[in-house]
Trainee: 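Sending over a structure as structure tokens; questions will come in a sec.
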There are 2 protein chains.
Amino acid sequence: MGTTKTKDYSAQELSIAKYAKALSHPARVAILNVLLKRQSCICGAIVDELPLSQSTVSQHLKELKAAGLIKGDIDGVSVCYCIDEKEWTKAKNQLGLLLDRLTLPASKCC
Amino acid sequence: MGTTKTKDYSAQELSIAKYAKALSHPARVAILNVLLKRQSCICGAIVDELPLSQSTVSQHLKELKAAGLIKGDIDGVSVCYCIDEKEWTKAKNQLGLLLDRLTLPASKCC
DNA sequence: CAAATTCATCGTAATTTTACGATTAATATG
DNA sequence: CATATTAATCGTAAAATTACGATGAATTTG
């Protein structure tokens, strides 16, 4: 309990859930907003724009990285984060595929 | 702790997070797959297609309903669920707006 | 009306998530 | 080399999530 039975779902379902989970917290959406807007994406700069502590932001960055949506390049003492375009596109396509599937005149039952 | 500070985020960030959260579990994606595919969307039929107990499915349905993505019509003893087209479109647009924002030649920093 | 069906809700347990301060490792700067 | 700066990680606590069986409410059906 408290554990998801990943074994019983399709690759599509798991993939979509993974990307959606990355976007399921406003702080992570806010981080992505910063990365999409800015050139400089030094971790410290992100921390400055968010109402969260450095350690909490670092954790959110780790999750975004785990989902593949961002990557970080070490640059001396600091780390520069940015969108991973390839994976981002994949997320867009996967989510789009699901969300675009309501084209027909809709199910007749409700 | 354990609680998100919703006060400090924009409406866009909260809205996207809300929809993404609804899609952040493979069981809920699977439920939506069923609703998108089927005409008949009786709760019991959904339970039959998922590897989860009736009470667990009911809980997931509740969350999808809370996010606005689905609605349920009582029909005698059973309940017929279906996609809420209006809200679904909103989710699609909100998520699309974020995900489509990587059109430019990408940030130069990484 | 009794029995069956359908589904929501309750109670509970394990796990995960969210958040923060403190510490640590690594690099830069005086 | 001592000191600062940057960011990850650790430890911890509170809360939310996931899951299930049991119970309840509502509606059919016999």
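Throughout, protein chains are lettered first and strands after them, A, B, ... in sequence-line order, and every chain is numbered starting at 1. Keep in mind it's a predicted model, so treat the numbers as computed, not measured.
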Trainee: What integer distance in Å separates B:Glu63:CD from C:dT9:C1'?
Mentor: 14 Å
Trainee: How many whole angstroms separate atom CD1 of B:Ile74 from atom P of D:dA25?
Mentor: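 Spelled out: CD1 on B:Ile74 to P on D:dA25 is 15 Å.
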Trainee: Can you measure B:Ile42 atom CD1 to C:dT5 atom P for me and round it to whole angstrom units?
Mentor: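 Rounding to the nearest Å, CD1 of B:Ile42 and P of C:dT5 are 16 Å apart.
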Trainee: Which part of the nucleic acid does A:Leu52 contact within heavy-atom distance under 4.0 Å: base, sugar-phosphate only, or nothing?
Mentor: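 Sugar-phosphate only.
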Trainee: To the nearest Å, give me how far apart CG (B:Leu64) and P (D:dT17) are.
Mentor: 13 Å
Trainee: Is there a donor in the side chain of A:Glu49 and an acceptor in the side chain of A:Asn33, or the other way round, less than 3.5 Å apart?
Mentor: no
Trainee: Does a donor on one side chain and an acceptor on the other come within less than 3.5 Å for A:Ser15 and A:Gln12?
Mentor: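 No, because no side-chain N or O of A:Ser15 sits under 3.5 Å from a partner of the opposite role on A:Gln12.
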Trainee: Considering just the side-chain nitrogens and oxygens of A:Ser58, establish if one lies under 4.0 Å of OP1 or OP2 belonging to D:dA8.
Mentor: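 Looking at the OP1 and OP2 atoms of D:dA8, one of them is under 4.0 Å from a side-chain N or O of A:Ser58.
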Trainee: Does C:dT17 have OP1 or OP2 sitting under 4.0 Å from an N or O in the side chain of A:Lys21?
Mentor: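 So the side-chain polar atoms of A:Lys21 do come within 4.0 Å of the phosphate oxygens OP1 or OP2 of C:dT17, strictly under.
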Trainee: Can you classify the ring geometry of B:Tyr9 versus A:His25 as parallel (below 30°), tilted (30 to 60°) or perpendicular (above 60°)?
Mentor: perpendicular
Trainee: If we ignore angles and hydrogens, is there a donor and acceptor under 3.5 Å between the side chains of B:Thr56 and B:Gln59?
Mentor: no
Trainee: Please determine whether any donor N or O and acceptor N or O are separated by less than 3.5 Å between the side chain of B:Gln59 and the base of C:dC10.
Mentor: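 Flag unset: no donor-acceptor pair detected.
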Trainee: Between A:Thr56 and C:dA19, is there a contact of a side-chain N or O with OP1 or OP2 at under 4.0 Å?
Mentor: no
Trainee: Closer than 4.0 Å, any side-chain N/O of B:Thr3 to the OP1 or OP2 of C:dT18?
Mentor: no
Trainee: Counting only side-chain nitrogens and oxygens, does A:Ser53 get under 4.0 Å of the OP1 or OP2 atom of C:dC20?
Mentor: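 Indeed, a polar side-chain atom of A:Ser53 lies that close.
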Trainee: May I ask you to say what B:Thr4 touches in the nucleic acid, namely base, sugar-phosphate or nothing, with a heavy-atom cut-off under 4.0 Å?
Mentor: sugar-phosphate
Trainee: If each of A:His60 and A:Asp75 is mapped to the nucleotide of DNA chain C with the nearest heavy atom, which maps nearer the 5' terminus, i.e. the 5' end?
Mentor: A:His60
